[in-house]
Amino acid sequence: MGLPVRHQVVTDSEQLKEATDAKHWQQAIFIDVLDNLPIKQVLSQLKKQPITVPAVMLANEYDEEKRLEFLAQGLKDYIPAKSLDLLTMVVKREQQLVTSLQSLEQANKLVYETNKRNELLLDSSKDAIAYIHEGMHIYTNPTYIKRFGYEEDEVIVMSIMDMISDEDKDKVKALLKRQAQEGTEVSEVLKGKTASGEEFEADFIISSAIYDDEECVQLLVRDIGDQQELMKKLKEVSQIDQVTGALNRPAFMEHFTKSVEAAREAKHNAVLYMIEIDKFTNYRSKFGIADCDVLLKDVATWLRDSCDSSDVIGRISDSSFGLMLSATDKPPTELPKKLLKDVESQLFEVSGQTLKVTFSIGGVPCTDNEVEPSKLLLHATTAAHNLQEQGGNNFQIFNPSIDSLLNDEERKIYEEFSLAREESNMTLFYQPMMSLKGSPNKQYMCYFRYKLKDGSWGLGEDIFPIFEKVGIDADIDRVTIKHALKMLAKDKAENNSNKLYVALSPNSLLRDDLHKWLEKLIGVAGIDSANLVLALKGHTAQTYLKKVIELKASLRKLGVPFCLSGVETDNAELVRSIKPNIVSFAPNFIDTLKEHGADKVQQVIKAAADIEAKTIISNLEDASTLAQIWPLGIDFVMGNYVSKPISKLNYDFADSDF
């Protein structure tokens, strides 16, 4: 019928209690009478929901007399089960009621909060404020009493005319009359008179008001010159949530929007967190609104004490707080981890009972994307709500620029990597290459690895295409190169001389500053640049041929050898075009050799020999394959037959069987 419905089927009282404890429902539909779940019991349970839940009965055997009976019990309607069109109309009608009640509840909350704020303003206002009915005072705030110099009991029985100098009494009468006629705020500078007879000049501002459900006028007596300070104070008070002392939602959103704009302009890291209190609905049902207000205040105080003074906290909804870090060097996961850990040992007291609270925290980086602030808040809120549906007591960082590019499985892999990256759990493994021609070179292929959730060092499935998707493959290359240079520097200090091969991604190739960055780092490391070899896949080289030739030329000036890796047997022309220092054949080279013989691979081997490039075969797994490779004139081989990748540069090349 075009109505979106999120439903749950309930067949007994226990299921009903679990459902109503878990969330707020908007409508209930009875599918005939259940013997084990009386209608009265259900309606009694539904009354405990914050908003009335209208219930409708679908009758398989419709009876008009039963309709009256069920309506008397509290059902909103009783209709034939087959009348789906009628059911649609009834549901729409009742939904209008629910929506109206929700709006009313929200309005009542706003009125309640406004009244509390007004009381605070009246009692703490620097201005003298009074409410006047038919010329008599019915309320005066402390400042008003102090300003005119009377006791509170005296003022209540006095009229407004007693507070005005004789020469301005006609003016105040005219002012009151004008306000009554126009119904708007009016003001005029008049002379007031204190109990001692002293006169003073002030702005008398009169407006319509209601006090204790009685129509009256509000009189605000503001000393001239204090208005600017008062407006500042009023603004401060109007921005505070009266229950928690945190910023209210409008004030927080204003601060949040300005902070995002400033962070993007200054290129600072900014992060928004949405902190949801888990099971808050249950607490409110158990302890009531007033006691839960105390809990909210205590949670807000604890959050302020647990965060930096520069972090801004706001109350966003009944049970959620927004937390804005405007300029931070911390990883996005650091703060939510700390909050979840610290709150475990924090005890809150509600209605004399000790309570342990948990959070569901959704975070979203705000700087490295162009998403509107309101959508950033939505992303953080959605992440927090999803965590609550999974049981809560957890956090999730949503990155709009990343999450939109990855599917669920890829996102899990990337999150595992991100955790390892933030904790600096990244390293290199090294696979040794054995010389078939007696070369003294000790060389290794470097493999990037990070710590997985099970504690082992490895890679998530297809992680490198994920790096390319989110645009960090070049950053990973630089991490790998830095680590390789560090190992080469350590090697040199120990009088060793190893060569390390590091693979480049397509995005590294496209960065124009690679050779300058590399030159600087090699200089700092103080190593022989020939001991660092940069490798690029053949299929990438074919796509960016001009860039590859430029890269090779810049590397030659630095003295860094260039390796063309993953070379296929039909890539002879590519090898001749690029003229790399080293050619590393694709893993299927051995399979081609076994299946088709040496003739199939000779052309690409000859192309490498013509440009005097060293050659490498990978994936060597057994001695029988080595016998086939030996006559081809290959320089180096690597694979599990030589050695699996190892965590240190400690392979004993002299103790091999070659």
Side-chain angles (χ1 to χ4, degrees), residues 20-27 46-54 94-125 209-214 218 234-256 274-304 312-324 348 350-351 355 357 359-360 362 374 377-378 380-382 384-385 388:
T20 53
D21 285 347
K23 63 179 70 174
H24 298 163
W25 298 94
Q26 295 186 330
Q27 292 203 44
L46 293 179
K47 284 180 181 178
K48 297 178 182 178
Q49 292 277 279
I51 299 293
T52 300
V53 181
E94 298 306 322
Q95 193 60 35
Q96 286 182 341
L97 171 64
V98 172
T99 303
S100 298
L101 290 172
Q102 287 176 329
S103 299
L104 178 60
E105 184 189 36
Q106 186 63 30
N108 286 335
K109 285 182 181 178
L110 290 174
V111 170
Y112 173 74
E113 188 170 324
T114 301
N115 286 337
K116 288 185 71 173
R117 187 181 299 123
N118 288 342
E119 289 175 10
L120 177 64
L121 287 172
L122 287 170
D123 292 339
S124 63
S125 176
I210 296 176
Y211 187 81
D212 275 349
D213 298 327
E214 188 172 18
Q218 176 185 275
L234 284 173
K235 184 177 180 181
E236 290 176 356
V237 173
S238 67
Q239 291 179 333
I240 301 300
D241 174 68
Q242 299 305 306
V243 173
T244 63
L247 289 180
N248 57 28
R249 183 186 176 103
F252 181 82
M253 287 305 297
E254 181 181 355
H255 170 83
F256 169 52
M274 182 60 64
I275 303 172
E276 289 277 357
I277 301 176
D278 294 331
K279 301 178 183 177
F280 188 77
T281 302
N282 293 350
Y283 299 151
R284 190 161 56 185
S285 299
K286 182 177 181 180
F287 300 113
I289 294 176
D291 286 332
C292 282
D293 281 352
V294 176
L295 174 62
L296 287 167
K297 181 180 179 181
D298 291 345
V299 168
T301 302
W302 183 86
L303 284 172
R304 275 192 293 270
V312 176
I313 299 173
R315 185 183 177 192
I316 305 303
S317 68
D318 282 354
S319 60
S320 65
F321 294 90
L323 179 61
M324 182 65 190
F348 297 93
V350 182
S351 295
L355 195 67
V357 167
F359 299 138
S360 292
S374 60
L377 181 67
L378 177 62
T381 303
T382 301
H385 287 172
Q388 284 191 317

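Only heavy atoms go into these numbers, but all of them, side chains included; no hydrogens, no water, no symmetry mates.
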Student: Restricting to side chain to side chain contact (heavy atoms under 4.5 Å, CB included), what partner residues turn up for His385, sequence neighbours left out?
Tutor: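 So His385 forms a side chain to side chain contact (heavy atoms under 4.5 Å, CB included) with Glu276, Thr381, Gln388.
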Student: Has Gln27 got a side-chain atom pairing as donor or acceptor with Trp25's backbone, closer than 3.5 angstrom?
Tutor: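 No; judged by distance alone, with no hydrogens or angles, the pair does not exist.
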Student: Identify the heavy atoms of Ala384 and Gly362 that sit nearest to each other, and give their distance.
Tutor: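 Result for this residue pair: CB-N, 3.8 Å.
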Student: Please state whether the rings of Phe256 and Phe252 are parallel, tilted or perpendicular, taking 30° and 60° as the class boundaries.
Tutor: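 Because their plane-to-plane angle is under 30°, the rings of Phe256 and Phe252 count as parallel.
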Student: Checking Gln96 now: which residues fulfil side chain to side chain donor-acceptor pair (under 3.5 Å) with it, not counting sequence neighbours?
Tutor: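 None.
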Student: Measure the shortest side-chain to side-chain distance between Trp302 and Val357 over non-hydrogen atoms and say whether it is less than 4.5 angstrom.
Tutor: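 Side chain of Trp302 against side chain of Val357, heavy atoms only: no contact under 4.5 Å found.
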Student: Restricting to salt bridge (charged side-chain N to carboxylate O under 4.0 Å, His left out), what partner residues turn up for Asp21, sequence neighbours left out?
Tutor: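 For Asp21, the residues satisfying salt bridge (charged side-chain N to carboxylate O under 4.0 Å, His left out) (neighbours in sequence not counted) are Lys17.
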Student: For side chain to side chain contact (heavy atoms under 4.5 Å, CB included), just list the numbers for Tyr283 and Leu295, CA-CA rounded to whole Å, side-chain angles, deciding distance to a tenth of an Å, and then say yes or no.
Tutor: CA-CA 9 Å; Tyr283 299 151; Leu295 174 62; 3.9 Å; yes
Student: Counting only heavy atoms not in Ile289 (residues, nucleotides, ligands), do more than 12 fall under 6.0 Å from its CD1?
Tutor: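 Incorrect, the count does not exceed 12.
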Student: Kindly write out the residues that satisfy side chain to side chain donor-acceptor pair (under 3.5 Å) with Ser320, not counting sequence neighbours, or none if the list is empty.
Tutor: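 Ser320 satisfies side chain to side chain donor-acceptor pair (under 3.5 Å) with Ser317 only.
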Student: Indicate yes or no: at least one non-hydrogen side-chain atom of Thr281 is less than 4.5 angstrom from one of His24.
Tutor: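 Touching, per the 4.5 Å side-chain cut-off.
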Student: Which distance, rounded to the nearest 0.5 Å, do you find between the NZ of Lys47 and the OG1 of Thr52?
Tutor: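 It comes to 9.0 Å.
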Student: I'd like to check Lys48 versus Thr20 (side-chain heavy atoms, cut-off strictly below 4.5 Å). Are they in contact?
Tutor: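 Heavy-atom side-chain distance check fails, nothing below 4.5 Å.
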Student: For the atom pair CG (Asp291) and CZ (Arg284), what is the distance rounded to the nearest 0.5 Å?
Tutor: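 Those atoms lie 13.0 Å apart.
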Student: Contact between Gln239 and Glu254 at the side-chain level, heavy atoms closer than 4.5 Å - yes or no?
Tutor: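 Answer yes - side chains close enough.
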Student: In Å, rounded to the nearest 0.5 Å, how long is the span from CD of Gln218 to CG of Leu122?
Tutor: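 One gets 7.0 Å once the value is rounded to the nearest 0.5 Å.
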Student: Over all heavy atoms of both residues, which pair between Ser360 and Asp278 is shortest? Give the atoms and the distance, please.
Tutor: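 Minimum heavy-atom separation between Ser360 and Asp278: OG-OD1, 2.7 Å.
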Student: For a quick test of reading the model, state the closest non-hydrogen atom pair linking Ser319 to Leu296 and the distance between them.
Tutor: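 Nearest heavy atoms, Ser319 then Leu296: CA-CD2, 4.4 Å.
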Student: Please tell me if the side chains of Val312 and Leu247 come closer than 4.5 Å, counting only heavy atoms from C-beta onward.
Tutor: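 Yes; the side chains approach each other to less than 4.5 Å.
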Student: Give, for atom CZ of Phe359 and atom CZ of Phe280, the distance between the pair rounded to the nearest 0.5 Å.
Tutor: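 Reported to 0.5 Å precision, the distance equals 11.5 Å.
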Student: Return the set of residues passing side chain to side chain donor-acceptor pair (under 3.5 Å) with Lys109 (not counting sequence neighbours), or none when no residue passes.
Tutor: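 For Lys109 the side chain to side chain donor-acceptor pair (under 3.5 Å) partners, ignoring immediate neighbours, are Asp318.
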Student: Output, in order, the C-alpha distance, side-chain angles, deciding distance and verdict of side chain to side chain contact (heavy atoms under 4.5 Å, CB included) for Ile275 and Ile313.
Tutor: CA-CA 10 Å; Ile275 303 172; Ile313 299 173; over 6 Å; no
Student: Side chain to side chain contact (heavy atoms under 4.5 Å, CB included) with Leu378: which residues, sequence neighbours excluded?
Tutor: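 With neighbours one apart ignored, the set is Thr382.
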Student: Partners of Arg304 by salt bridge (charged side-chain N to carboxylate O under 4.0 Å, His left out), sequence neighbours excluded?
Tutor: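 None.
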Student: Does Gln49 have any side chain to side chain donor-acceptor pair (under 3.5 Å) partners at least two apart in sequence or in another chain, and if so, which?
Tutor: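 None.
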Student: Only counting residues at least two apart or in another chain, list the ones meeting side chain to side chain contact (heavy atoms under 4.5 Å, CB included) with Ser100.
Tutor: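 Testing Ser100 for side chain to side chain contact (heavy atoms under 4.5 Å, CB included), a comparison that skips the adjacent residues, returns none.
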Student: Can you list the residues that meet the side chain to side chain contact (heavy atoms under 4.5 Å, CB included) rule with Asp298, with sequence neighbours excluded?
Tutor: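 For Asp298, the residues satisfying side chain to side chain contact (heavy atoms under 4.5 Å, CB included) (neighbours in sequence not counted) are Val294, Phe348.
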Student: For the CG atom of Leu377 and the CD1 atom of Ile316, what is their distance to the nearest 0.5 Å?
Tutor: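 Output value for this atom pair is 6.0 Å.
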Student: Would you please name every residue forming a salt bridge (charged side-chain N to carboxylate O under 4.0 Å, His left out) with Lys286, sequence neighbours left out?
Tutor: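 Salt bridge (charged side-chain N to carboxylate O under 4.0 Å, His left out) check on Lys286 returns nothing, list empty.
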